[in-house]
Colleague: 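Have a look at this one.
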There are 2 protein chains.
Amino acid sequence: MRTLEWDYDKNELVMIDQRILPAELKFVSLHSDREVAEAIKDMVIRGAPAIGAAAAYGMALSAVHSKAKSRESFKLEMKDAANVLLQSRPTAVNLSWGVKRILNIVENSHDPLDTLKERILQEAHIISDEDVEINKKMATFGADLIDDGDTIIHHCNTGSLAAVDWGTALGVVRMAHEQGKQIHVLVDETRPRLQGARLTAWELQQYKIPFEIISDNAAGYFLKSGKVNKVIFGADRVAANGDVANKIGTYMLALAAYDNNVPAYSTVPTSTIDLSLPSGDQIPIEERDPDEVLGISYQGHQVAPTGARARNPAFDVTPHRLISGIITEKGVIYPPFLENIAKTLNTEE
Amino acid sequence: MRTLEWDYDKNELVMIDQRILPAELKFVSLHSDREVAEAIKDMVIRGAPAIGAAAAYGMALSAVHSKAKSRESFKLEMKDAANVLLQSRPTAVNLSWGVKRILNIVENSHDPLDTLKERILQEAHIISDEDVEINKKMATFGADLIDDGDTIIHHCNTGSLAAVDWGTALGVVRMAHEQGKQIHVLVDETRPRLQGARLTAWELQQYKIPFEIISDNAAGYFLKSGKVNKVIFGADRVAANGDVANKIGTYMLALAAYDNNVPAYSTVPTSTIDLSLPSGDQIPIEERDPDEVLGISYQGHQVAPTGARARNPAFDVTPHRLISGIITEKGVIYPPFLENIAKTLNTEE
């Protein structure tokens, strides 16, 4: 099963509700761009590639259910849908990439409206299928970097659930495992939303890859112990110079890897690379609801005292000097990143 | 109220149960060295200075309730109590320091048994009173380093609850606040036991010092933002070269501070400095129950999937190259630490 699928009987988008995994595997059905935007905002679905595909399907829902009679009013509806979706989350560039691919079709089409609607839905399917293909290519390039016997620290969730299937960094781990390499994963729990302890742990159980969950704080200890061979994570946006915006905590993890000469790899489809931004300083960082920090209980007890406030930036930027390589579907990009990213993005596959 | 107090009516030790704060302020009464050892192991009481004093009172409980008739059997009982207490937690050196201060009296005394018992209890009181005095001195030295308007990141709990009163690093913050300096504290929640979100937040509320709780992962983001002026934490053991063993996550926090030229201070009584260890590599690191990592729920939902395992090192070692200064009751020690720690410890106050 893919993270999100189109139901042709009902013309709706079906996805796993990632907020309640692993306690329950539940599906939700979405019927409009607005419902998809809400689902992205609430993290029913998350992960840069997954929300790129979800946004494209959000556009498709708007198209398929449109009652517009003229091309002009249809175009206005699609632009409105695009705006709604683009506002759902600011950091991952894949979201706007998915929306723009659909808008391109709308802008350049001369088809009758019904044909256009069908083409939009097809484009969402293509984005979705491409994502799986791209992820498998990334996984294959990345798996070459993983050695038999490696212990790997992984941050957040970058598996099937973060994409349509396979995922980015965790796809690399899965591919190496399928190649027969013995791997042990130390899973950063990834506060505040605990995507590591909830989603990555759940996926690793399905793949039968041995793992242990650690508090994010413990990554430095294990890196310093000399027992960790690789650090791997995804990214929500990569700047032209190789700076990586990713789930909060990645920067400190990369610092600890660097301090102990352990290579740290970011794994992204090239659609996550935003050449319009010279450096990570220009990447917008979303600050989310403080309840994500405050809303935990520890062994049944309240944690923060009543009335306490919290801050909750959802991402941070890891400077490219701490990144050993960026694994993409076109190969692994090594420093100097400014030069090599440009070169890779201009290469035809 | 102090974190721990002796009840003369019942000859028992009374302490706050820190496991259930801030949900509930509850006291527990302990009657034997074994009960104190259990309380330390279970973290009813925690914090290096606090468990030093608690261990001394554990020895006093053993002495006061002893039914030994001869000096010889009394000494054996005290040695047995010492062993029980020393095994409760391995990392904080204050624990063995507190036990040894009592054992010294036992070894060197020629008093009748009843007088000796009384002297042992007095020594526990002295350790407890000294702790408060020492902490106030540290707080005063440390407060000189804090500027009006500072934003400070603080890790774990190092306040009154971590000591008999005042505490170490949080004592510095409190003293600066009492001097009228405007301070804002970003409180690392400090997974897995969440001493920051639970205990430090609770203490800061009492002192009316403005604060916000952050996930430990977010410290790097705020340090990189340029809005943090100081990082401050305690220590459970400091080696002769200035390497600092402290609550898990301190190493990554210190790395992020260093990477952004923000000074990072460890605050410790000199009893926490262990000159017998040349470097932090020799400090024993306790690994605690994985349930401390797994035993949280997020917004009412299970976090880790059933059957998942975890690793839980409770401390890490921060190399002295990342430490800007060590605040003690004898003044602030600056690099080169090997030389200056030795000099400071040989100085009479």
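Keep in mind it's a predicted model, so treat the numbers as computed, not measured. Throughout, a chain's letter reflects where its sequence line sits, starting with A, and its residues are numbered from 1. Just so it is clear, the values below take in all heavy atoms, side chains as well, and ignore hydrogens, waters and symmetry mates.
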Colleague: For B:A314, is it the side chain, the backbone, both, or neither that has a heavy atom closer than 4.5 Å to a heavy atom of chain A?
Modeller: neither
Colleague: Heavy-atom distance under 4.5 Å to chain A: side chain of B:S225, backbone, both or neither?
Modeller: neither
Colleague: Restricting to non-hydrogen atoms, name the atom on A:F315 and the atom on B:Y221 that form the minimum distance, rounded to 0.1 Å.
Modeller: O-CD1, 3.6 Å
Colleague: Which residues in residues 285-294 of chain B have a heavy atom less than 4.5 Å from any heavy atom of chain A?
Modeller: B:I285, B:D291, B:E292, B:V293, B:L294
Colleague: Would you say the side chain of A:F27 lies within less than 4.5 Å of the side chain of A:I16, judging by non-hydrogen atoms?
Modeller: yes
Colleague: Is there any residue in residues 227-251 of chain A with a non-hydrogen atom under 4.5 Å from a non-hydrogen atom of chain B, and which ones are they?
Modeller: A:I248, A:G249, A:Y251
Colleague: At a heavy-atom distance under 4.5 Å, which candidate from B:R309, B:E24, B:R19 has the highest pair count against chain A?
Modeller: B:R309
Colleague: For chain A, which residues from residues 190-214 of chain B have at least one heavy atom closer than 4.5 Å to it?
Modeller: B:T190, B:R191, B:P192, B:R193, B:L194, B:A197, B:R198, B:A201, B:W202, B:Q205, B:F211, B:E212, B:I213, B:I214
Colleague: Checking an interface table here. Which of residues 255-264 of chain B come within a heavy-atom distance under 4.5 Å of chain A?
Modeller: B:L255, B:A256, B:D259, B:N260
Colleague: What verdict does the side chain to side chain contact (heavy atoms under 4.5 Å, CB included) test give for A:V317 and A:D281, after you've listed the backbone C-alpha separation in whole Å, the side-chain angles of each residue and the deciding distance to 0.1 Å?
Modeller: CA-CA 8 Å; A:V317 173; A:D281 296 343; 5.6 Å; no
Colleague: Between A:Q299, A:R311, A:H301, A:H155, who has the most heavy-atom pairs with chain B when the cutoff is under 4.5 Å?
Modeller: A:R311
Colleague: Return the NE2 to CG distance between A:H320 and A:L322, rounded to the nearest 0.5 Å.
Modeller: 9.5 Å
Colleague: In Å and rounded to the nearest 0.5 Å, what is the CG to NE2 distance from B:D150 to B:H184?
Modeller: 12.0 Å
Colleague: Of all the heavy-atom pairs spanning A:I153 and A:A219, show the shortest one and how long it is.
Modeller: CD1-O, 3.9 Å
Colleague: Hey, what do you get for CG (B:L170) to OG1 (B:T158), rounding to the nearest 0.5 Å?
Modeller: 4.5 Å
Colleague: Decide yes or no for B:K224 and A:D316: does some side-chain heavy atom of the first lie under 4.5 Å from some side-chain heavy atom of the second?
Modeller: no
Colleague: Could you check if a side-chain atom of A:M15 sits within less than 4.5 angstrom of a side-chain atom of A:V28, using non-hydrogen atoms only?
Modeller: yes
Colleague: Based on non-hydrogen pairs under 4.5 Å, which of B:A304, B:A310, B:S297 is most in contact with chain A?
Modeller: B:S297
Colleague: Answer yes or no: is there a side-chain heavy-atom contact under 4.5 Å between B:E189 and B:D216?
Modeller: yes
Colleague: If I measure from the heavy atoms of chain A, does B:V187 come under 4.5 Å with its side chain, its backbone, both, or neither?
Modeller: neither
Colleague: Walk me through it: do A:T168 and A:V268 pass the test side chain to side chain contact (heavy atoms under 4.5 Å, CB included)?
Modeller: CA-CA 6 Å; A:T168 58; A:V268 294; 5.8 Å; no
Colleague: Check whether any side-chain N or O of A:S160 sits under 3.5 Å from a backbone N or O of A:W166 as a donor-acceptor pair, and report yes or no.
Modeller: yes
Colleague: Assess the residue pair A:R46 and A:N157 against the criterion (side chain to side chain contact (heavy atoms under 4.5 Å, CB included)); give the C-alpha distance rounded to whole Å, side-chain angles, the decisive distance to 0.1 Å, and a yes or no.
Modeller: CA-CA 9 Å; A:R46 24 65 50 204; A:N157 173 263; 3.0 Å; yes
Colleague: How long is the straight-line distance from SG of B:C156 back to CG of B:L253, given to the nearest 0.5 Å?
Modeller: 11.5 Å
Colleague: A quick test of your reading: do over 12 heavy atoms of other residues, nucleotides or ligands sit less than 6.0 Å from NZ of A:K41?
Modeller: yes
Colleague: Among B:L186, B:L223, B:V303, B:L21, which has the most heavy-atom pairs under 4.5 Å with chain A?
Modeller: B:V303
Colleague: How long is the straight-line distance from CD1 of A:I40 back to CD of A:E38, given to the nearest 0.5 Å?
Modeller: 10.0 Å
